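Only a predicted model underlies this, so the values are computations on that prediction, with no experimental measurement involved. Chain naming here is simple, since letters A, B, ... match the order of the sequence lines and numbering starts at 1 in each. Values reported hereafter were calculated over all heavy atoms of this structure, with side chains retained and with hydrogens, waters and symmetry mates removed.
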Number of protein chains: 2
Amino acid sequence: MIESTPVSVDVLVLRFDPGARTVLLGVAPRAAEPFRGELALPGVLLGLGERLREAGTRAVVGKLGLPSAALTGIGQLRTFDEPSRDPRGPTLSIALWATANSAGEGVRWCTLDEVPPLAFDHNRIVADCAPLLADLLWRHVEFTAGLMGNGFTTAQALDATEALTGDRPYPANLGRTMERVPGLRRTAEHAAALPKGGRPPSLWRWD
Amino acid sequence: MIESTPVSVDVLVLRFDPGARTVLLGVAPRAAEPFRGELALPGVLLGLGERLREAGTRAVVGKLGLPSAALTGIGQLRTFDEPSRDPRGPTLSIALWATANSAGEGVRWCTLDEVPPLAFDHNRIVADCAPLLADLLWRHVEFTAGLMGNGFTTAQALDATEALTGDRPYPANLGRTMERVPGLRRTAEHAAALPKGGRPPSLWRWD
DNA sequence: CAAATAGTGTCTCTAAGACACTATTCC
DNA sequence: GGAATAGTGTCTTAGAGACACTATTTG
C-alpha cells in the first residue's frame, strides 16, 4: 500500500474592522521551522479522525491566539495539491475560511489587497481563494453573519463589500441585495450619532 | 506529532449518452473489502506526492476500467470529513468530477435521479455534489466541453441540462445561454438526418 | 443655514423565463 | 399535405447598476 500524503488545514481568518472600514485577514509569524519567523496563514496538520472545522479552530486558536469564542463561522474553500508546496515533502492543504469578531493579540491583520509575503504557497492560496470569499458575501448566510455580526449599518456593509469584491456598490442597490438575504432585516433602530454629524444610520439585524 | 488521516479520492464520472438522452454516472462493484461486491464510486487512496487529478484518473482507470484517453476533464468538488464514513477508520474523501466520452465495459451507468445504494457514504456524496455539478454546466468550460464533446445539437444540450438541473429549459433560452459560453458557437453544419423526420439540427462546436 | 451622512425613487441593462410563430425535413 | 422536429421573435420578469433626489443629523 502506498504511503499517504499528510493533510494540513490552512485558514483564511477574516474580520470586519469598523474603524478601518475594511475586511482584514489574520496572519502570524511561524513559531517553528520551516519558515520560522515568517508570516503565514494559521495552519495545522489534520489529526486522525479530526473534523476539518475542529482542525481549523485549533489552528486559529493555537497559531493566531484568538479565543475559540471569537470564531463566528467556518467553512471549506478548496484544496491545494502541488507536491512542492511544502519543503518538507508533499502535503495537501485544505483551505478553510473562518470569521472572527475580535482582534486578539499578536495577530497581524492585513487587507486582502496588501497581503505581505507569506510562507509556503500561502500568497497563492490567498490569491486563489479571494474570489471565492467575494462570492460568499450576501449569499452564504453563515459567512455573512459571521463577518458582519449583528447590528451593522449600510455604510459598513458597503465597506465590507468593497473590501472583498474590489467594487463599491450603490447604497440603494446593496440595500435591495441585503433585503433578499434570508434572516437579515433592516430594523427601526438607529446607530449612535456620528462624529461629524449626519443622519444616524439604521441597523441591520439577523432574526 | 499526531497521526494523520488517510485521504481517498472519490470520483463522480459523468457521461452524456445521446441514445438514452441523459447524463449518466459511472459506478462499479468493489473488488475488495470492505463492501466487496457492492456498488461504489471509483476511488483510491491518494499516494504520497500524487496530484488529485492523477489519483482521480487512476481511480477511474483502475476501478471503472475506462481507458485514460476516455477522460475528457477532471476537477474538484468538495471534501467529506465525517470520521465514521469508512468502517476501517477515519478517512477524508475528496470528491472530484470527471467527464468521459465512452462507456467502457463492466461499468454500471445510472442516472443521477436513480442512483442505486452505494458503499460507504457515497450516496450522500452524490446527493451533496449533484447541485455543484448542475452549477458547472454552461458555466465551467472544461466541464461542459468534457461532458458534451464537440459537435452536439440543441436537443442534446436540453437533455443534458434537464438531467443535471431537473428542469428542461426552453430551446431559445438555452441557445442564448450557450452563445454566451466562451469558445462555444453554433455552426452552419447540420447533424445527420433524424429517424422520424424533422428539420435537421445544427451543430454546436468549440473553437 | 451649510456640511455631512443616510436613505428613496426610478430609469436602464442584462439574463432568464414563457410562449407563439416560422422553418425544414420524412413519409 | 401531415407529422415530427428545429429554430426565431418578442413579451415578461428578476436582479444588478446608475444616479438624481429627499431626509436627518451636527455645528
Find the distance [X]:[atom1] to [N]:[atom2] and express it as a whole number of Å.
| X | N | atom1 | atom2 | result |
| --- | --- | --- | --- | --- |
| B/L158 | C/dA18 | CG | P | 13 Å |
| B/E189 | D/dG7 | CD | P | 13 Å |
| B/L174 | D/dA6 | CG | P | 13 Å |
| A/Q156 | C/dG7 | CD | P | 11 Å |
| B/L203 | C/dT24 | CG | C1' | 15 Å |
| B/M178 | C/dG17 | CE | C1' | 16 Å |
| B/W138 | C/dA16 | CH2 | C1' | 15 Å |

Taking OP1 and OP2 of [N], is either one under 4.0 Å from a side-chain nitrogen or oxygen of [X]?
| X | N | answer |
| --- | --- | --- |
| B/R176 | C/dA18 | no |
| A/R139 | D/dG15 | no |
| B/S202 | D/dG7 | yes |
| B/T177 | C/dA16 | yes |
| B/K196 | C/dC27 | no |

> Between the base of D/dA18 and the side chain of A/N173, is there any donor-acceptor pair under 3.5 Å?
Replying inline: yes
>> Any donor-acceptor pair, under 3.5 Å, between the side chain of B/R199 and the base of D/dT8, if you only look at N and O atoms?
In response: no
> Donor-acceptor pair, A/T99 side chain versus A/G73 backbone, under 3.5 Å?
Replying inline: yes
> So what is the end-to-end bend of the helix from C/dC1-D/dG27 to C/dC27-D/dG1, with 5 pairs used at each end and the value given to 10 degrees?
Replying inline: 20°
> Contact class for B/R186 vs. all strands (heavy atom < 4.0 Å): base, sugar-phosphate, or nothing?
Replying inline: sugar-phosphate
Spacing of [X] atom [atom1] and [Y] atom [atom2] [to the nearest 0.5 Å]:
| X | Y | atom1 | atom2 | value |
| --- | --- | --- | --- | --- |
| B/Q76 | B/L52 | CD | CG | 5.5 Å |
| B/C129 | B/L96 | SG | CG | 9.5 Å |
| B/W109 | B/L14 | CH2 | CG | 8.0 Å |
| B/Q156 | B/D17 | CD | CG | 10.0 Å |

> Of all the choices, D/dT5, C/dG7, D/dA6, which nucleotide is nearest to the side chain of B/P201 once you look at every atom?
Replying inline: D/dA6
>> Looking only at the side chain of B/R180 (C-beta and beyond, no hydrogens), which of the listed nucleotides D/dA6, D/dA23, C/dA16 gets closest?
In response: C/dA16
> Going by heavy atoms in the side chains, are B/P87 and B/F35 under 4.5 Å from each other?
Replying inline: yes
> Are the side chains of B/V23 and B/L137 in touch, meaning some heavy atoms are under 4.5 Å apart?
Replying inline: no
>> If you assign A/H190 and A/Y170 each to the DNA chain D nucleotide with the nearest heavy atom, which residue ends up on the more 5' nucleotide?
In response: A/Y170
> Any chance CZ of A/R21 has more than 12 other-residue heavy atoms, nucleotides or ligands included, within less than 6.0 Å?
Replying inline: no
